[in-house]
Engineer: 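A single structure is presented below for examination.
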Amino acid sequence: MMNERARKYGLKLIVLIIITLGFMSCTNKQDSLVLSRDFEGEMWSRFDYIEAMYTVVNAPMQADLVMDIEVSDVYPNVYPYHGDEDAMFAVSMSINAPDGSSRSREFKFRLKDREGNFKSEKVDGYYHFELPLINEMGFSEPGEYKFKIENKYSKDPLCGIKRMTINCLRNN
């Protein structure tokens, strides 16, 4: 009888420890999504800045920032321009850290080859691109990091952009 009670008590204790560890691991989990934006009418106006707050839970940490975009056949404009700019996807990204420091950088990615063909396969009517922004970015302290993305396409608006997401893929 005593062995049976001890076994049941031990089993309950083990279950309680497992549940507690499960909850503890969830509270320290770092989200990877920094921002996500679906563009109404597949258009992004030149001065429509995209802003997002990203909370760093465990610091210091290093992560890769990656932008995913989906574009349609009318990218970058509904008018038949010919030129090198039509092949480029250009954005500026600023990051303000909790300590008040900031960094800003411009990015240009070639989505089309010299002949004007997309460098991605068309799936469900859209071309998907995974664009590396910053490799091994350091987040030195926990807190809120403010991200601001600016469309640098010179003609207004940038057409054919369906969706943009930025993910923070933790390295350590």
Side-chain angles (χ1 to χ4, degrees), residues 29-98 101-140 143-172:
K29 190 174 181 180
Q30 180 67 55
D31 282 340
S32 67
L33 182 65
V34 174
L35 68 86
S36 180
R37 170 86 178 263
D38 289 329
F39 293 93
E40 188 176 323
E42 295 183 5
M43 291 189 292
W44 184 11
S45 294
R46 175 72 175 88
F47 297 103
D48 176 15
Y49 304 114
I50 301 171
E51 296 181 337
M53 298 300 284
Y54 180 68
T55 304
V56 172
V57 178
N58 294 319
M61 75 171 207
Q62 283 192 331
D64 296 335
L65 291 175
V66 178
M67 178 186 287
D68 290 314
I69 62 169
E70 288 181 51
V71 298
S72 68
D73 286 317
V74 298
Y75 172 86
N77 210 305
V78 293
Y79 302 106
Y81 292 113
H82 299 286
D84 197 43
E85 186 182 70
D86 287 349
M88 300 301 283
F89 178 73
V91 295
S92 175
M93 180 173 69
S94 300
I95 305 168
N96 294 324
S101 65
S102 64
R103 64 167 56 178
S104 187
R105 186 170 164 196
E106 195 166 306
F107 300 90
K108 290 184 179 184
F109 299 99
R110 184 173 292 284
L111 303 185
K112 295 180 178 181
D113 62 20
R114 295 278 180 204
E115 288 78 40
N117 301 310
F118 283 100
K119 293 180 166 185
S120 171
E121 293 296 317
K122 190 175 190 180
V123 177
D124 295 330
Y126 294 93
Y127 302 93
H128 177 264
F129 295 89
E130 189 174 286
L131 309 172
L133 296 175
I134 301 174
N135 290 328
E136 298 181 359
M137 179 177 164
F139 292 89
S140 58
E144 297 286 325
Y145 288 76
K146 182 180 179 182
F147 284 74
K148 183 178 180 180
I149 309 297
E150 180 183 352
N151 168 9
K152 300 300 278 188
Y153 185 65
S154 66
K155 297 168 185 75
D156 191 31
L158 175 63
C159 295
I161 183 162
K162 178 186 180 192
R163 177 177 298 123
M164 175 196 313
T165 59
I166 295 179
N167 288 294
C168 185
L169 307 176
R170 190 173 176 152
N171 295 334
N172 57 355

Engineer: Do R105 and R103 make a side-chain contact, defined as non-hydrogen atoms from C-beta onward lying under 4.5 Å apart?
Structural biologist: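 Counting from C-beta outward, R105 and R103 never come under 4.5 Å.
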Engineer: Counting only N and O atoms by type, is there a donor-acceptor contact under 3.5 Å from the side chain of S120 to the main-chain atoms of H128?
Structural biologist: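 Checking the backbone N and O of H128 against the side chain of S120, a donor-acceptor pair under 3.5 Å is found.
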Engineer: Got I69 and F39 here, is their nearest side-chain heavy-atom distance under 4.5 Å?
Structural biologist: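 Of all side-chain heavy-atom pairs linking F39 with I69, none is under 4.5 Å.
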Engineer: Check whether any side-chain N or O of R46 sits under 3.5 Å from a backbone N or O of K155 as a donor-acceptor pair, and report yes or no.
Structural biologist: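 Side chain of R46 to backbone of K155: no pair is present.
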Engineer: Taking all non-hydrogen atoms of both residues, which atom of M93 and which atom of F147 are closest, and how far apart?
Structural biologist: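 For M93 and F147, the tightest heavy-atom pair comes out as SD-CD2, 3.9 Å.
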Engineer: Could you report the tightest heavy-atom contact between S94 and S104, atom names first, then the distance?
Structural biologist: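 So the minimum-distance heavy-atom pair works out to OG-OG, 3.1 Å.
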Engineer: Indicate the atoms forming the closest heavy-atom contact of N151 with Y153, along with that distance.
Structural biologist: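 For N151 and Y153, the tightest heavy-atom pair comes out as OD1-N, 2.8 Å.
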Engineer: Closest approach of G138 and Q62, non-hydrogen atoms and distance?
Structural biologist: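 Scanning both residues, the minimum pair turns out to be CA-CG, 4.4 Å.
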Engineer: Could you check if a side-chain atom of K112 sits within less than 4.5 angstrom of a side-chain atom of P76, using non-hydrogen atoms only?
Structural biologist: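 Touching, per the 4.5 Å side-chain cut-off.
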Engineer: Distance check, rounded to the nearest 0.5 Å: F107 atom CZ versus I134 atom CD1?
Structural biologist: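 That separation rounds to 4.5 Å.
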Engineer: Quick one: CG on N167 to OH on Y54, what's the gap to the nearest 0.5 Å?
Structural biologist: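 The OH atom of Y54 is 9.0 Å from CG of N167, to the nearest 0.5 Å.
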Engineer: Got a sec: does the CD of E40 have more than 12 other heavy atoms crowding it under 6.0 Å?
Structural biologist: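 Check fails, neighbour count at 12 or below.
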Engineer: How close do F89 and W44 get, heavy atom to heavy atom, and via which atoms?
Structural biologist: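 The pair with the smallest heavy-atom distance is CZ-CZ3, 4.3 Å.
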Engineer: Show your reasoning for whether side-chain contact (heavy atoms from CB on, under 4.5 Å) applies to D64 and E136.
Structural biologist: CA-CA 5 Å; D64 296 335; E136 298 181 359; 4.1 Å; yes
Engineer: Using 30° and 60° as the class boundaries, would you call the ring planes of F118 and Y75 parallel, tilted or perpendicular?
Structural biologist: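 If you compare the ring of F118 with that of Y75, the planes turn out tilted.
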Engineer: Would you find more than 12 non-hydrogen atoms of other residues, nucleotides or ligands less than 6.0 Å from E51 atom CD?
Structural biologist: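 Result for CD/E51: enclosed.
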Engineer: State, to 0.1 Å, how close S102 and N96 come at their nearest heavy-atom pair, and which atoms those are.
Structural biologist: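 Smallest heavy-atom distance, with atoms named: CB-OD1, 2.8 Å.
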Engineer: Would you call M61 and C168 a side-chain contact if the rule is heavy atoms closer than 4.5 Å?
Structural biologist: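 Yes, at least one pair of side-chain atoms sits under 4.5 Å.
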Engineer: Looking at K146 and E144, is there a salt bridge between them, counting it only when a charged N and a carboxylate O are closer than 4.0 Å?
Structural biologist: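 No salt bridge links E144 with K146.
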Engineer: How many angstroms lie between CG in D73 and SG in C159, if you round to the nearest 0.5 Å?
Structural biologist: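 Here the rounded value is 13.0 Å.
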Engineer: When rounded to the nearest 0.5 angstrom, what is the spacing between NZ in K162 and CE in M43?
Structural biologist: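 Separation between the atoms: 16.0 Å.
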Engineer: If I take atom OG1 from residue T165 and atom CG from residue L35, how far apart are they, to the nearest 0.5 angstrom?
Structural biologist: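 If I round to the nearest 0.5 Å, the distance is 7.5 Å.
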Engineer: Salt bridge check, R37 against D48: does any charged N sit closer than 4.0 Å to a carboxylate O?
Structural biologist: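 Looking at D48 and R37, the cut-off is met.
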Engineer: Using the ring of each side chain (for Trp, its six-membered ring), is F47 parallel, tilted or perpendicular to Y49, with breaks at 30° and 60°?
Structural biologist: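 Judged by the thresholds at 30° and 60°, the geometry between F47 and Y49 is perpendicular.
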Engineer: At what distance, to the nearest 0.5 angstrom, does CD of E42 lie from CG of L158?
Structural biologist: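 With rounding to 0.5 Å, CD (E42) is 10.5 Å from CG (L158).
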Engineer: Run the ring-centre check on Y145 versus F139 and record whether the distance is less than 6.0 Å.
Structural biologist: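 Centroid distance Y145-F139: below 6.0 Å, so yes.
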